[in-house]
Amino acid sequence: MTNHEVAQRFQQIADTLEVQGENPFKVRAYRNAVEAIERLVEPLDEIERRGELEEIPGFGEAITAKTRDFLTKGTTKLYEQIKNAVPPGVLKLAAVPGIGPKTARALWESAGVKSVEEAEAAAKEGRIQTAPGFGAAKEKKLLEAINRGRRLSERLPLWTALPYVERLAAELAARPEVVRAEAAGSARRHRDTVGDLDIVVATNDPAATEKAVAGLSGVTEVMESGRAKVAAMTDIGMHLDVRLGRPEDFGALLHHFSSGQAHNIALRELAESMGLKINEYGVFDAKTGAERFQGEDEAQVYTALGLPYIEPELREGRGEIEAARRNALPRLVTEADFRGQLHEHTTWSDGTASVRQMAEAAIARGYEYLAITDHSHSLQIANGLSRERLLEQLDEVAAVRRELPAGFTLLTGIEADILADGSLDCEEDLLARLDIVVGSVHIRHKEDEAAMTARVVRALESPYLHILGHPTGRLLGKREPFPLDMEVVIAAAVRTGTVLEINASPDRMDLNDLYAHRAKQQGARLTVNADAHSTTGLGSLRWGLYMARRAWLTPEDVVNTYPLQELRRVLKPRTA
DNA sequence: GCCGTTTTCGGCCCGACTGTTTTCAGTCG
């Protein structure tokens, strides 16, 4: 059974127990297990083989035993007991935002409602408002929740959600009574996909700001509205939460709504052990209620707890608080650390800028080097380079290089297709001449996991391959990742000295944060590249940088932050 | 069900908004 399948079963257990009214902390324990499993890169089988299941955070005696059952028998006693206890439609109803487990159960038990459709029909016939605990208003809200649920988008890619929420925040910030307005939530943590939008606002007139939310461009409906919070629906199908506060509370407010739930829970538990209490208004002495700081500075929350500042990207409850307490937080890589990029295209294949234009754009960005890596021959849809055209391009690169200022180096290269058998789509004598060889899978990517993994591993074993480009091939919202055993791929990258790319194309962000973090843990080197197809495309680096930072990467982990001599030293030596 | 610089038992983050239950439960983040 795969990790995802085990996680789904624990999810189903949690959802069912919740509708059944079980102890909420037990439900949380199962949900924590789901999250812990979803962030594993290594298969549970492997971890079990080493006898280390119980070391997974959130895995105690019971969940370890049940996981073992799933792995060996495909099921476990509790799962068999609960799987038919609640109709699937009731679980779906409970999952509609705004409805919830208690309401779904009440409708099921008192009105016989067993699905979203039945709930809708019953509400339309006015049969809900007569049920105990319900009224006309609640019946109306139920219908609205069901309708809104249908318009709700799946999680959106960050590159869609972040500019959108930043624009709304800027609209609010422009208001006279607003002191500050910032995008918060998972968008500020730079998760690769975003499930809802959060904005925090420091305002001198909460009533006026509250009203203004309805008039923001893109807001289609206000669902809840109060002095501290407005919940709205937007035209991109995302919920928007705007939180309002006094300017002197802004630091605490921004912190609270920028951090993942697991981070906040862990932080508040730490505060409690120190005799302190944290909420979105500040840090307080638990006994006297005395406030420990005031102001707009988010970092003060950590200062009040005796901790160094924790960057938003790290606030996911993945051990960052423990690391902060040990003063062992990573010095996260920043945009200013980059000395160049190693995977870019020109008009020689499917780019829009010439070799010279790309070089000049790189110089303008302050880079010390740039590699030109156009597509290889077999990717004809992208005007891939034949042997003859690649040789011509090398002449042009050499000519341009001579005219560029000293201190900048234009590197030759190619993005060679990894063919179905794992070989590189370029002759060896050519590969041997190039400074940078990126290898990527573009075609025939629907094979099974074993075949895909073997294919990529064979490519990694090539003495010519420096960098594995966009390793999982995902396109956010459009294409799932290839079926790949990333644990095996990472191990092969470490063994062969091949660098793994975090491709920064906004719709790729590939490797993602989990894989990049695992790669770092296993001792792999990484590189972040825009995979630019234009001069402005070089600026897309930031989307990959976000993944790198979420993966706890430091400049030492990312080879294109190195000076050129150092970069050349760490690239795979040509031993063939 | 998990977990332990107080604890192997008794806790488990904390607050906003809504509706209808006149004192709070449900949902959300």
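Hydrogens, waters and symmetry mates are skipped; everything else that's a heavy atom, side chains included, is used. Per chain, numbering begins at 1; letters A, B, ... match sequence-line order.
Rounded to the nearest Å, the gap between the P atom of B:dG26 and that of B:dT21 is 13 Å. Rounded to the nearest Å, the gap between the P atom of B:dC12 and that of B:dT23 is 26 Å. B:dT22 and B:dG15 have their P atoms separated by 25 Å, with the value rounded to a whole Å. Comparing B:dT6 with B:dC2, their P atoms are spaced 23 Å from each other, to the whole Å. Rounded to a whole angstrom, the distance from the C1' atom of B:dT27 to that of B:dT20 is 16 Å. Distance noted for atom P between B:dT18 and B:dC9: 45 Å (whole Å). As rounded to the nearest Å, B:dC24 and B:dT8 have P atoms that lie 33 Å from one another. Between B:dC13 and B:dG4, the distance separating the two P atoms is 14 Å to the nearest Å.
Candidate nucleotides B:dC12, B:dG1, B:dG15 were compared by shortest atom distance to the side chain of A:E272, and B:dC12 ranks first. For A:F25, whose side chain is taken as the heavy atoms from C-beta onward, the closest listed nucleotide among B:dG29, B:dC14, B:dC12 is B:dC12. Which of B:dC2, B:dC13, B:dG26 sits closest to the side chain of A:R268 comes down to B:dC13.
Using a 4.0 Å heavy-atom criterion, one finds that A:V96 contacts the sugar-phosphate atoms exclusively. Across all strands shown, A:P24 has no heavy atoms under 4.0 Å from either base or sugar-phosphate atoms. In this structure, A:F257 reaches neither bases nor backbone, as no heavy-atom distance under 4.0 Å exists between it and the strands shown. Nucleic acid contact for A:I278: sugar-phosphate only, since backbone atoms but no base atoms lie under 4.0 Å from a heavy atom of the residue. Among the protein residues, A:S273 comes within range of no part of the nucleic acid, since none of its heavy atoms lies under 4.0 Å from any strand. Counting any heavy atom pair closer than 4.0 Å across all strands shown, A:K66 reaches sugar-phosphate atoms only and no base atom.
For B:dT27, neither phosphate oxygen OP1 nor OP2 lies less than 4.0 angstrom from any side-chain nitrogen or oxygen of A:K138. Contact annotation: A:N264 does not reach the phosphate of B:dC13 (side-chain N/O to OP1 or OP2, under 4.0 Å). Within the 4.0 Å cut-off from OP1 or OP2 of B:dA16, not a single side-chain nitrogen or oxygen of A:K229 is found. Phosphate contact (OP1/OP2 of B:dA16, side-chain N/O of A:Y281, threshold under 4.0 Å): present. For the pair A:R28 and B:dC13, the criterion of a side-chain N or O lying under 4.0 Å from OP1 or OP2 is met.
The CG-P distance, from A:L253 to B:dC14, rounds to 17 Å in whole Å. A:R243 has its CZ atom 9 Å from the C1' atom of B:dC17, to the nearest Å. The CZ-P distance, from A:F59 to B:dG1, rounds to 14 Å in whole Å. In this structure, A:E322 atom CD and B:dG4 atom P are separated by 10 Å, rounded to whole Å. For the pair A:M274 CE and B:dT5 P, the computed distance is 14 Å after rounding to whole Å. Across the protein-nucleic acid pair, A:Q129 atom CD and B:dT20 atom C1' stand 13 Å apart, rounded to whole Å. One atom, CZ of A:F284, and another, P of B:dC14, lie 12 Å apart when rounded to the nearest Å. In this structure, A:R315 places its CZ atom 16 Å from C1' of B:dG29, rounding to the nearest Å.
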Margin query: As a quick check of understanding, evaluate side chain to side chain contact (heavy atoms under 4.5 Å, CB included) for A:K66 and A:Y79, giving each step before the final call.
Written below: CA-CA 9 Å; A:K66 290 180 174 70; A:Y79 182 71; over 6 Å; no
Please determine whether side chain to side chain contact (heavy atoms under 4.5 Å, CB included) holds for the pair A:D241 and A:F257, giving the CA-CA distance in whole Å, both sets of side-chain angles, and the decisive distance to 0.1 Å. CA-CA 10 Å; A:D241 261 5; A:F257 290 103; over 6 Å; no
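Under the 4.0 Å criterion applied to side-chain N and carboxylate O atoms, A:R549 and A:E311 are assigned as salt-bridge partners. Under the 4.0 Å criterion applied to side-chain N and carboxylate O atoms, A:R50 and A:E55 are not assigned as salt-bridge partners. The residues A:E298 and A:R188 are annotated as salt-bridged, a charged nitrogen and a carboxylate oxygen being separated by less than 4.0 angstrom. Between A:R474 and A:D192 there is a salt bridge, with a side-chain nitrogen of the basic residue lying less than 4.0 Å from a carboxylate oxygen of the acidic one.
Nearest approach of A:A181 to A:A169, heavy atoms of both residues: CB-O, 3.4 Å.
Across all strands shown, nothing is found opposite B:dT8 as a Watson-Crick or G-U wobble partner with both distances under 3.5 Å.
Judged by closest nucleotide on DNA chain B, A:A266 is the one of A:A266 and A:A137 placed further toward the 5' end. Nearer to the 5' terminus of DNA chain B, by closest-nucleotide assignment, is the contact made by A:P57 (compared with the other of A:K102 and A:P57).
Residues A:V230 and A:E224 have side chains not in contact (no heavy-atom distance under 4.5 Å, counting atoms from C-beta outward).
Interface remark: the A:N23 side chain does form a donor-acceptor pair with the B:dG1 base, using a distance-only criterion of under 3.5 Å. Counting atom types as modelled, A:Q261 pairs a side-chain N or O with a base atom of B:dG29 as donor and acceptor under 3.5 Å.
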